[in-house]
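A short write-up of the structure that comes next.
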Amino acid sequence: MNPLPWSWSLPFGAVYAAGVQLGAHALERLGPERRDRVLLGCSTNVDNLSTGRWETLLSSAFVVEEPMPLPYALLLVAVLGYAEYAYGAWWTAAVFLFGHASATLLVYGALRRTADRRTRSALDVGTSYGFNAVLGALTSALPPGTVRNAARVGLLALAAQPVLRRERTFTDAGHLAALGVGIGLSLALDRLVPDRLVPDRPSLARHVGPARRNTALA
């Protein structure tokens, strides 16, 4: 009998989304004080990162403040599933975590000297930074030329719109940063593998990215 190759035995996107959702339901069973303590301990807020709690760059991607709405959870699974189908589970996981950490650090760099006390200690957890990074990187799976470029410009325009509002939040800025990181990765992929297309695989048609609780900028 030939040994099985080293690979994911279950779809990354589905397993990840299910784990996050189950964790959110488990947190709801804790008392309010204990729940808030867990969330704050996993959060990538300015206070945590300023004191060297870099592990929150990972833990914050696996925790949400409340269970994800079903439409968003299904969209998350669909986008991660398409990325896994197109490029593989390891690629998807790497882009997700890299985009999540990169966007978080960019937001931290912008806030660490200017944020007020409330913003410095705000909860900052969720799946949306990684989601946006994967969505941006997936533009390389679209037909090259006008379609691919239009998708990139359209996604950036959608993500920039909340940042331009008076009521913008640092989470809005994080979404834009994560999407920019993902599109940057897709541009690098275009150079490494020119005109790469996924054969006989449908194009990604929907582009959305909610999912962190917004905290107003000072």
Side-chain angles (χ1 to χ4, degrees), residues 7-8 11-17 20 57 60-61 68-69 71-107 109-110 126-165 168-212 214:
S7 62
W8 294 85
F12 164 71
V15 171
Y16 169 73
V20 169
L57 290 173
S60 59
M68 295 179 289
Y72 175 74
L74 293 175
L75 182 61
L76 177 66
V77 172
V79 169
L80 296 182
Y82 184 88
E84 185 175 355
Y85 183 65
Y87 295 111
W90 291 110
W91 182 93
T92 304
V95 170
F96 186 97
L97 293 175
F98 178 76
H100 173 85
S102 297
T104 298
L105 290 174
L106 288 170
V107 170
T127 65
S128 58
Y129 288 1
F131 171 91
N132 277 276
V134 172
L135 189 61
L138 265 180
T139 56
S140 281
L142 295 171
T146 303
V147 172
R148 189 179 297 178
N149 292 333
R152 287 167 176 161
V153 171
L155 285 172
L156 287 171
L158 287 173
Q161 190 173 15
V163 179
L164 300 176
R165 297 179 310 188
R168 65 187 181 276
T169 68
F170 73 71
T171 302
D172 294 327
H175 291 159
L176 178 59
L179 186 64
V181 168
I183 289 177
L185 292 173
S186 75
L187 292 171
L189 186 61
D190 288 353
R191 285 187 168 274
L192 290 172
V193 190
D195 296 341
R196 185 199 189 286
L197 281 172
V198 182
D200 301 325
R201 294 177 183 176
S203 297
L204 187 64
R206 294 187 179 180
H207 310 290
V208 176
R212 288 190 177 212
N214 290 337

Which value, rounded to the nearest 0.5 Å, describes the distance between [X] atom [atom1] and [Y] atom [atom2]?
{"X": "Trp91", "Y": "Leu189", "atom1": "CH2", "atom2": "CG", "result": "7.0 Å"}
{"X": "Arg148", "Y": "Leu187", "atom1": "CZ", "atom2": "CG", "result": "9.5 Å"}
{"X": "Leu80", "Y": "Leu135", "atom1": "CG", "atom2": "CG", "result": "10.0 Å"}
{"X": "Tyr87", "Y": "Tyr82", "atom1": "OH", "atom2": "OH", "result": "7.5 Å"}

Handout entry: 4.5 Å side-chain heavy-atom contact, Val95 and Leu138
Key =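 The answer is no, as the side chains (C-beta and beyond) never meet within the 4.5 Å cut-off.
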
Exercise for the section: Taking the side chain as every heavy atom from C-beta outward, state whether Thr169 and Asp172 have any atom pair closer than 4.5 Å. Expected result: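 Heavy-atom side-chain distance check passes, below 4.5 Å.
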
Taking all non-hydrogen atoms of both residues into account, name the closest pair between [X] and [Y] and its distance.
{"X": "Glu84", "Y": "Gly13", "result": "OE1-N, 3.7 Å"}
{"X": "Ala173", "Y": "Val107", "result": "C-CG2, 4.5 Å"}
{"X": "Phe96", "Y": "Ala61", "result": "CE2-CB, 4.3 Å"}
{"X": "Ala177", "Y": "Leu106", "result": "CB-CD1, 4.0 Å"}
{"X": "Val134", "Y": "Ala83", "result": "CG1-CB, 3.7 Å"}
{"X": "Ala178", "Y": "Gly99", "result": "CB-O, 4.3 Å"}

Practice task
Please determine, by modelled atom types, if Tyr129 and Ser60 share a side-chain donor-acceptor pair under 3.5 angstrom.
Solution key: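 Ser60 and Tyr129 do not have a side-chain donor-acceptor pair below 3.5 Å.
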
Exercise for the section: Begin with the C-alpha distance, continue with both residues' side-chain angles, and end with the deciding distance and a verdict on side chain to side chain donor-acceptor pair (under 3.5 Å) for Thr127 and Tyr72. Expected result: CA-CA 10 Å; Thr127 65; Tyr72 175 74; 2.9 Å; yes

Exercise for the section: Could you tell me which residues satisfy side-chain contact (heavy atoms from CB on, under 4.5 Å) with Phe98, sequence neighbours excluded, listed by chain and number? Expected result: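 Applying side-chain contact (heavy atoms from CB on, under 4.5 Å) to Phe98 gives Ser102, Val181, Leu185.
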
Result block: side-chain N/O donor-acceptor pairs under 3.5 angstrom for residues 155-163, not counting sequence neighbours:
none

Practice task
Output every pair passing salt bridge (Lys or Arg N to Asp or Glu O under 4.0 Å) with a member in residues 150-164, not counting sequence neighbours, ordered by first then second residue.
Solution key: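 Applying salt bridge (Lys or Arg N to Asp or Glu O under 4.0 Å) to every pair that reaches into residues 150-164, excluding sequence neighbours, yields Arg152-Asp190.
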
